[in-house]
2 protein chains.
Amino acid sequence: MDGSVRKPRGDTAEKILDLGEMLIQTRGFNAFSYQDISTALGIRKASIHYHFPSKSDLGAAVLDRYRSRLYAAMAGVDPDAMTSWNILETYFTPYLGYAKTPDRVCLCGALAGEFPALPPDMQTHVTAFFEEHQAWLATILKRGRGSGEFRFSASPAKMARLIFDALQGALLVKRTNGDIRQIKDVIQVFKAIVMPS
Amino acid sequence: MDGSVRKPRGDTAEKILDLGEMLIQTRGFNAFSYQDISTALGIRKASIHYHFPSKSDLGAAVLDRYRSRLYAAMAGVDPDAMTSWNILETYFTPYLGYAKTPDRVCLCGALAGEFPALPPDMQTHVTAFFEEHQAWLATILKRGRGSGEFRFSASPAKMARLIFDALQGALLVKRTNGDIRQIKDVIQVFKAIVMPS
DNA sequence: GTCTATAAGATGATAGAC
DNA sequence: GTCTATCATCTTATAGAC
C-alpha cells in the first residue's frame, strides 16, 4: 500500500499479533492487557515486551498488518474478470465472516469506539483505513455505474459512505443481538438499490 | 419506557451522570476512571462511590437515563402533526448534534465497540437500545410508505436496519476524519432513496 | 453526603540473569 | 529470545471520621 517492505516476523511475534488482533476485535484496545496474552500463549509478559516494547507498538503493528492484508485483497481483484457486484460481494466476505463469529467486528470499527483514547499512531491507522476503504468502494461503484451494471443518482463517494458506514454499524449492532440479518439485510437492500431489476 | 418511576437525583449524582455519559461517549467505558471524574468535578473518589458503588452501577445508570431521554423524545412526536420525513429529521437531530462536536458519538455506538467486555447490566441496555430504536424507525418508515410519502420495496424493518446501522457507523467514522459529510451524505442519500422525486 | 486513609489487585514497563 | 524479579502507578473499592 505504502510501498514499504514488511519485515518477516518470528513465530512468537506473529502469535502475539494474531491474539492481539482478536482481543481488540472482541474486547477493544483498553480492555485487554499483556497479562491476557501472557496467559493465553503461555509466555511471560516480559517476552511480549521484547517483541512489542509498548502496548501502543503492539496496537500499531496489529493495525499495520490488518490494513496490509485487506489492502492486498482489494488490490488483488481483477476488475475485468468479475462483475462490479461480484467485486463488492468479495469485499463483503470478511465482514460476513466476522458476523458469523459470536463477537468479532472489524478491527477499526471496534477501535473507532474509543478513538480519542487511542495512541496517536493508532489513530492515524484507523483514519487511513476508513479513508482508503471508502475511496476504493467509490471506484468500484463508479465503474459499475459507468458500465451500466449499477444505477444510482448520488455520487459514488456518497454511495460509498452509505454502504461503508452501514457495514461498520451492522457488525457492531449484530454483535449485541446475535442476529446475522443485521448485516445480511443491509447488503441485500443495498443491492436492490444499486441494481434495480 | 418500562413504566418504572425514575427516582429524582441530587445535584452531585446528576453531575456525575453528565460527566460519565460524556466520558463514555468520547473515550469508551474502559478508558475512563473514577479519578477522571474526581478531578473534573473537584470531589473525592469516595464520594462518587457513595452515589454509584461500582463502576458498573454508574455505567448502567448512565445508560438508563440516556435511553429514557431519547425514548421520551421519540414518544413525544405527534405523527399526525408532522410529515414522516420531518419525524425522521427530528430523530436525526441528536446524531447531527453529536457530529458537530469533535469527538462525541452515540453512547451505545461507543459501547458497542467493547460490548463483550461490558458488565452484563450494561450489555442488556445496549441491546435494548438498538432494538427499540430500530423498531421505532420501522414504524415511521411503514407509516410513511402507507401514506404514499415514502417509496421503497424492501420491508420497513430492513430499511430501518440500513439507516440505523449507517447512522451509527457514520458517527464513528466521522469522528476519525472530522468530516461532517460522513453523516450528512448518509441522510441525504437515504432521503433520495425513500423519497424519489 | 463528603472527607481521609487505605487496601488489594492489575497495569504497563524495565533490569538483568540465563 | 525467554525468563525471574521488581517497579511505580493506576484501578476499583471499602472503612470510618466528620
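We use all heavy atoms of the structure for the numbers below, so side chains are in, but hydrogens, waters and symmetry mates are not. Order of the sequence lines sets the chain letters (A, B, ...), proteins ahead of strands, with each chain counted from 1.
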For atom [atom1] of [X] and atom [atom2] of [N], their distance in whole Å:
X	N	atom1	atom2	answer
Leu58(B)	dA13(D)	CG	C1'	14 Å
Asp57(A)	dA13(C)	CG	P	8 Å
Asp36(B)	dT12(D)	CG	P	8 Å
Leu118(A)	dG12(C)	CG	P	14 Å
Asn30(B)	dA10(C)	CG	P	15 Å
Leu41(A)	dG1(D)	CG	P	16 Å
Ile43(A)	dT4(D)	CD1	P	12 Å
Lys15(A)	dG1(D)	NZ	C1'	13 Å

Decide whether [X] and [Y] meet the rule of one side-chain donor and one side-chain acceptor closer than 3.5 Å.
X	Y	result
Trp136(A)	Glu132(A)	no
Asp165(B)	Gln182(A)	yes
Thr93(B)	Glu89(B)	no

From [options], pick the nucleotide closest to the side chain of [X]?
X	options	answer
Gln35(B)	dA15(D), dT11(D), dA13(C)	dT11(D)
Tyr34(B)	dC3(D), dT12(D), dA5(C)	dT12(D)
Ser33(B)	dT11(D), dT2(D), dA13(C)	dT11(D)
His51(A)	dT12(D), dT2(D), dT14(D)	dT2(D)
Ala46(B)	dA13(D), dA5(C), dC3(D)	dA5(C)
Lys45(A)	dT4(C), dG12(C), dA5(D)	dG12(C)
His49(A)	dA13(D), dT14(C), dT2(C)	dT14(C)

Practice task
Just call it for Phe52(B): base, sugar-phosphate, or nothing, with non-hydrogen atoms closer than 4.0 Å on any strand.
Solution key: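 Nothing, no nucleic acid heavy atom in range.
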Practice task
Scan Tyr50(A) against the nucleic acid and name what it touches under 4.0 Å (heavy atoms): base, sugar-phosphate only, or nothing.
Solution key: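 The answer is base, as Tyr50(A) lies within the cut-off (heavy atoms under 4.0 Å) of a base atom.
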Practice task
Please lay out, stage by stage, how Phe152(B) and Leu141(B) fare under the test side-chain contact (heavy atoms from CB on, under 4.5 Å).
Solution key: CA-CA 9 Å; Phe152(B) 54 87; Leu141(B) 287 165; 4.0 Å; yes
Handout entry: Earlier contact from the 5' end, DNA chain C, for Arg44(B) and Gly10(B)
Key =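 Its nucleotide being nearer the 5' end, the pick is Gly10(B).
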Residue-phosphate contact under 4.0 Å: [X] side-chain N/O, [N] OP1/OP2:
X	N	result
Thr12(A)	dG1(D)	no
Ser54(B)	dT12(D)	no
Ser47(B)	dC3(C)	yes

Problem - Ion pair Arg65(B)/Asp18(B), N-O distance below 4.0 Å - result: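 Yes, Arg65(B) and Asp18(B) are salt-bridged.
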Practice task
Check whether NZ of the Lys or CZ of the Arg Lys55(A) lies under 6.0 Å from the centre of the six-membered ring of Phe29(A) and within 45 degrees of that ring's axis.
Solution key: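 Positive - Lys55(A) is close enough to the ring of Phe29(A) and near enough to its axis.
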